[in-house]
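A, B, ... follow the sequence lines: proteins, then strands. Residue 1 opens every chain. Because the structure is predicted, anything quoted here is derived from the model rather than measured.
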Amino acid sequence: MQKLIDLLSGEVSAAFQQAGYDPAYGKVTVSGRPDLGEYQCNGAMPAAKVYHKAPFQIADEAAQALRENPAFLTVEAVKPGFLNLRLSPAFLSDYLNAMTVADHFGLDGETRPKTIVLDYGGPNVAKPLHVGHLRSAIIGESIKRLYRYFGNNVIGDIHMGDWGLQMGLIIAELRERQPDLPYFDDAFSGPYPEKAPFTISELEEIYPTASAKSKVDEDFARKAHEATYLLQTGNPGCTALWKHIMAVSVADLKQNYGKLDVSFDVWYGESDAEPYIAPMLQDLKAQGLLRESDGALVMDVTEEGDAKEMPPCILVKSDGATLYATTDLATLSQREQCFRPDKVLYIVDKRQSLHFEQVFRAARKGGIVRPETELQHIGFGTMNGKDGKPFKTREGGVMRLERLIAEITDFVTEKVRENQIVSADEVDGTAQKIAMAALKYGDLSNLATKDYVFDLDRFAAFEGNTGPYILYTIVRIKSILSRYGKEATRILPPETAEEKDLMLSISRFSDHLQAAYRDSAPNVLCAYIYELSGAVNKFYHETRILTEEDANRQAGYIALISLSRRILETCIALLGFSAPEKM
RNA sequence: GCGCUGGUAGCUCAGUUGGAUAGAGUGACUGACUACGAAUCAGUAGGUCGCAGGUUCGAAUCCUGUCCGGCGUACCA
């Protein structure tokens with residue numbers, strides 16, 4: 001279905017052509033001056049230069065040609081050369097009625113759907129999720145849903161950090177604590193125990209301890225590097241221990257992501273790329289792309305015209321172990337072979353942008369991905385506290401994700417109880433939905449690329465531009481619909497300003513969705529539903545729906561708010577949360 | 001040093017790819033519940049868009065310079 005703005009541009013372009021000008025000047029945009037018009041066209045001003053005429057004259061000629069057009073209520077040419085347009089009420093309601101019955105509200109998806117691998121989440125095994133992981137999960141989940149809504153085949157891959165030095169650190173620490181375990185006995189030949197020699201909470205304590213120790217204890221650091229090497233070269237004891245770490249960790253991760261309503265299609269990690277490393281290195285070597293530097297094996301990725309210095313990509317460290325860039329490249333090789341993606345999209349902290357630029361260049365140079373495979377890194381900013389510094393707990397430690405979620409949920413639960421709208425057995429479920437909306441909307445409404453201030457008090461306040469505001473709007477609509485008790489689908493031409501504004505807002509659904517999709521920008525979607533919710537609330541305030549005496553008129557109102565509700569619920573689903581029945 | 005990125009109301013942020021009088025929220029002040037839910041709505045106050053040049057009919061937006069902040073800059077991830 002053609003977008004309203006394109007439909008209007010078509011009409012105005014035809015008018016420009018009819019008046020003897022290039023139709024390209026007939027591009028219509030949403031008016032920046034709602035007091036003067038709903039849409040505007042500025043084409044007469046650039047056209048004036050080409051045709052050596054007064055811009056107003058050109059605009060006026062176009063206006064004359066549009067005089068009889070049924071799409072417009074008014075067409076006015078004003079001062080320098082603006083063309084101000086107001087839509088005919090019947091034209092607008094017709095458009096909305098078409099949206100009501102159209103698939104995806106008339107949104108045009110991809111004509112040629114793509115296969116996309118989405119790399120997000122990126123948790124480290126054996127480490128608790130903290131607020132830093134929140135952004136990748138929330139933004140990635142939303143982008144995944146957005147891409148799918150446009151018809152693409154998206155494979156969400158959690159890409160766990162399960163293969164680096166961190167694993168060696170844990171293994172080395174375990175060895176110091178429990179040296180008698182069979183995993184450390186080279187002579188051990190029987191089957192290893194099925195039960196892990198640790199719990200998830202022990203694991204979560206072991207890593208930071210080991211990490212801190214390696215920084216002050218050289219001998220321990222050496223042991224950790226050695227354990228990393230042993231693991232990566234298939235030592236049976238290390239491998240068995242690693243499997244325990246994985247099992248315990250993954251179970252915990254699934255539970256945590258489940259709470260966030262974030263799900264992955266594949267749970268691969270860096271370790272899954274391991275089989276691809278050796279053939280990849282061999283291939284790169286055969287191509288003559290690798291060289292030795294200070295004992296390490298590196299690949300140059302500088303390109304003609306580089307303004308900055310581009311360090312080479314290190315693929316094998318001087319101690320023989322592989323690292324981040326190696327596994328990322330091997331993972332690309334794996335993805336290319338398993339999925340043949342048209343695009344690989346990474347939702348990872350923006351501080352890693354140099355790393356990704358190196359990896360992307362290396363992947364292209366080494367022929368690891370096809371030339372047409374699109375590689376993109378969407379880097380997000382840091383989540384800061386109110387002081388503008390990276391978010392910490394009041395005690396100054398790293399805020400665990402579980403605790404953050406618990407704090408918001410507790411606050412919301414209190415509020416839901418106070419309001420006494422929902423019954424006691426529904427309080428928890430309702431509070432969970434509201435908390436999720438507050439948390440996710442609070443994050444997604446900011447530009448992903450920028451750092452943002454996470455202020456629990458502000459998000460929890462629920463006033464103004466927040467997730468709960470959106471939910472409240474939906475809940476209000478639901479309440480009226482259930483009281484009305486019938487279906488209605490026929491929207492009538494608007495009679496009041498509030499009604500027309502709401503309809504205009506609805507009509508712009510596709511525009512905003514496409515912008516959000518094009519830029520992978522959930523904040524665009526947030527801005528849209530905030531505007532739409534505002535329009536709904538204003539309309540709601542000015543219109544008595546249930547006491548309306550004209551039954552036909554009333555059914556029109558119901559049809560209008562039903563469509564509003566469907567669109568709002570569709571959008572919040574794309575953002576990754578949902579509305580309760582009451583709140 | 002080099003590179004990337006940001007600087008818009010007291011605070012937190014938008015700004016539809018160059019358009020008319022720069023918008024929201026929050027905080028402050030003032031109104032609207034014997035009306036479908038007041039987690040709402042209406043209004044007042046608050047701005048040299050970091051600074052200086054330039055490009056043109058027109059700049060928060062594009063170019064140049066400059067100041068301030070954040071981040072990155074080969075064997076962590």
Using a heavy-atom cut-off of under 4.0 Å over every strand shown, decide if [X] touches base, sugar-phosphate, or nothing.
| X | answer |
| --- | --- |
| A/A515 | nothing |
| A/S353 | nothing |
| A/Q166 | nothing |
| A/Y452 | sugar-phosphate |

Taking atom types as modelled and ignoring hydrogens, do the side chains of [X] and [Y] form a donor-acceptor contact shorter than 3.5 angstrom?
| X | Y | result |
| --- | --- | --- |
| A/Q554 | A/N552 | no |
| A/Y469 | A/N537 | yes |
| A/N523 | A/S445 | no |
| A/E426 | A/S423 | yes |
| A/Q352 | A/Y324 | yes |

Whole-angstrom distance between [N] and [M], as gauged at atom [atom1]:
| N | M | atom1 | result |
| --- | --- | --- | --- |
| B/C11 | B/G27 | C1' | 8 Å |
| B/A24 | B/U64 | C1' | 33 Å |
| B/C71 | B/C13 | P | 16 Å |
| B/A60 | B/U21 | P | 11 Å |

For [X] and [N], what is the distance between atoms [atom1] and [atom2] respectively, to the nearest whole Å?
| X | N | atom1 | atom2 | answer |
| --- | --- | --- | --- | --- |
| A/N537 | B/C36 | CG | C1' | 13 Å |
| A/F356 | B/G3 | CZ | C1' | 18 Å |
| A/F454 | B/U12 | CZ | P | 16 Å |
| A/Y441 | B/G25 | OH | P | 12 Å |
| A/F380 | B/U5 | CZ | C1' | 16 Å |
| A/E357 | B/U5 | CD | P | 11 Å |

Does B/C33 fall in syn (glycosidic angle within 90° of 0) or anti?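 Syn.
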Identify whether the glycosidic angle of B/U17 places it syn (within 90° of 0) or anti.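 Syn, since the glycosidic angle lies within 90° of 0.
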Listed pairs, N/O of protein and of nucleotides 68-74 of chain B, under 3.5 Å:
from	atom 1	to	atom 2	distance (Å)
B/A74	N1	A/S293	OG	3.1

Would you state whether a donor and an acceptor, one from the side chain of A/E531 and one from the base of B/A24, lie under 3.5 Å apart?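 Under the 3.5 Å cut-off, the side chain and the base do not form any donor-acceptor pair.
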Which protein N or O atoms sit under 3.5 Å from an N or O of nucleotides 29-33 of chain B?
none

Partner nucleotide, any strand, of [N] [Watson-Crick/G-U, under 3.5 Å]:
| N | result |
| --- | --- |
| B/G18 | none |
| B/A24 | B/U12 |
| B/C62 | B/G54 |
| B/C49 | none |
| B/A42 | B/U30 |
| B/G72 | B/C2 |
| B/A35 | none |

Do the ring centers of A/F360 and A/Y346 come within less than 6.0 Å of each other?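 A/F360 vs A/Y346: aromatic centres under 6.0 Å.
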Under the 6.0 Å and 45° cation-pi test, does [X] pair with [Y]?
| X | Y | value |
| --- | --- | --- |
| A/K486 | A/Y484 | yes |
| A/R86 | A/Y39 | no |
| A/K440 | A/F577 | no |

What protein N or O atoms touch nucleotides 14-17 of chain B N or O atoms at under 3.5 angstrom, if any, and at what distances?
from	atom 1	to	atom 2	distance (Å)
B/A14	OP1	A/L447	N	3.0
B/A14	OP2	A/K450	NZ	3.0
B/U17	O4	A/R518	NH2	3.3

What distance separates [X] [atom1] from [Y] [atom2], expressed to the nearest 0.5 Å?
| X | Y | atom1 | atom2 | result |
| --- | --- | --- | --- | --- |
| A/L575 | A/L444 | CG | CG | 5.5 Å |
| A/M583 | A/L471 | CE | CG | 5.5 Å |
| A/L107 | A/S510 | CG | OG | 4.5 Å |

Would A/K127 and A/E204 count as a salt bridge (charged side-chain N to carboxylate O under 4.0 Å, His left out) if you check the C-alpha gap in whole Å, the side-chain angles of each, and the deciding distance to 0.1 Å? CA-CA 5 Å; A/K127 280 169 80 177; A/E204 288 177 348; over 6 Å; no
Salt bridge present between A/D457 and A/K386 (N-O < 4.0 angstrom):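 Salt bridge: yes.
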Regarding A/K3 and A/D108, does a basic nitrogen lie under 4.0 Å from an acidic carboxylate oxygen?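 Not counted as a salt bridge, because no side-chain N and carboxylate O are separated by less than 4.0 Å.
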Take the angle between the ring planes of A/F411 and A/F462 and call it parallel below 30°, perpendicular above 60°, tilted in between.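 It falls in the perpendicular class, over 60°.
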Kindly say if A/K79 contacts the phosphate of B/A20, meaning a side-chain N or O under 4.0 Å from OP1 or OP2.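 No, outside the criterion.
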Look for any protein N or O under 3.5 Å of an N or O in nucleotides 56-62 of chain B and output each such pair with its distance, or none.
from	atom 1	to	atom 2	distance (Å)
B/C57	OP1	A/K49	NZ	3.1

Pairs flagged by salt bridge (charged side-chain N to carboxylate O under 4.0 Å, His left out) wherever residues 525-541 of chain A is involved - sequence neighbours left out: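 For residues 525-541 of chain A: none.
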Please test A/Y452 against A/D443 for side chain to side chain donor-acceptor pair (under 3.5 Å), starting from the C-alpha separation and ending with a verdict. CA-CA 8 Å; A/Y452 85 109; A/D443 190 308; 2.9 Å; yes
Interface polar pairs with nucleotides 37-39 of chain B, N/O, under 3.5 angstrom:
from	atom 1	to	atom 2	distance (Å)
B/G37	OP1	A/S479	OG	3.1
B/G37	OP2	A/R483	NH2	3.0
B/G37	O2'	A/Y472	OH	2.8
B/G37	O2'	A/R476	NE	3.1
B/G37	O6	A/M583	N	3.4
B/G37	N1	A/M583	O	2.4
B/G37	N2	A/M583	O	2.9
B/A38	OP2	A/R476	NH2	2.8
B/A39	OP1	A/Y472	OH	3.4
B/A39	N7	A/N419	ND2	2.9
B/A39	N6	A/N419	ND2	3.4

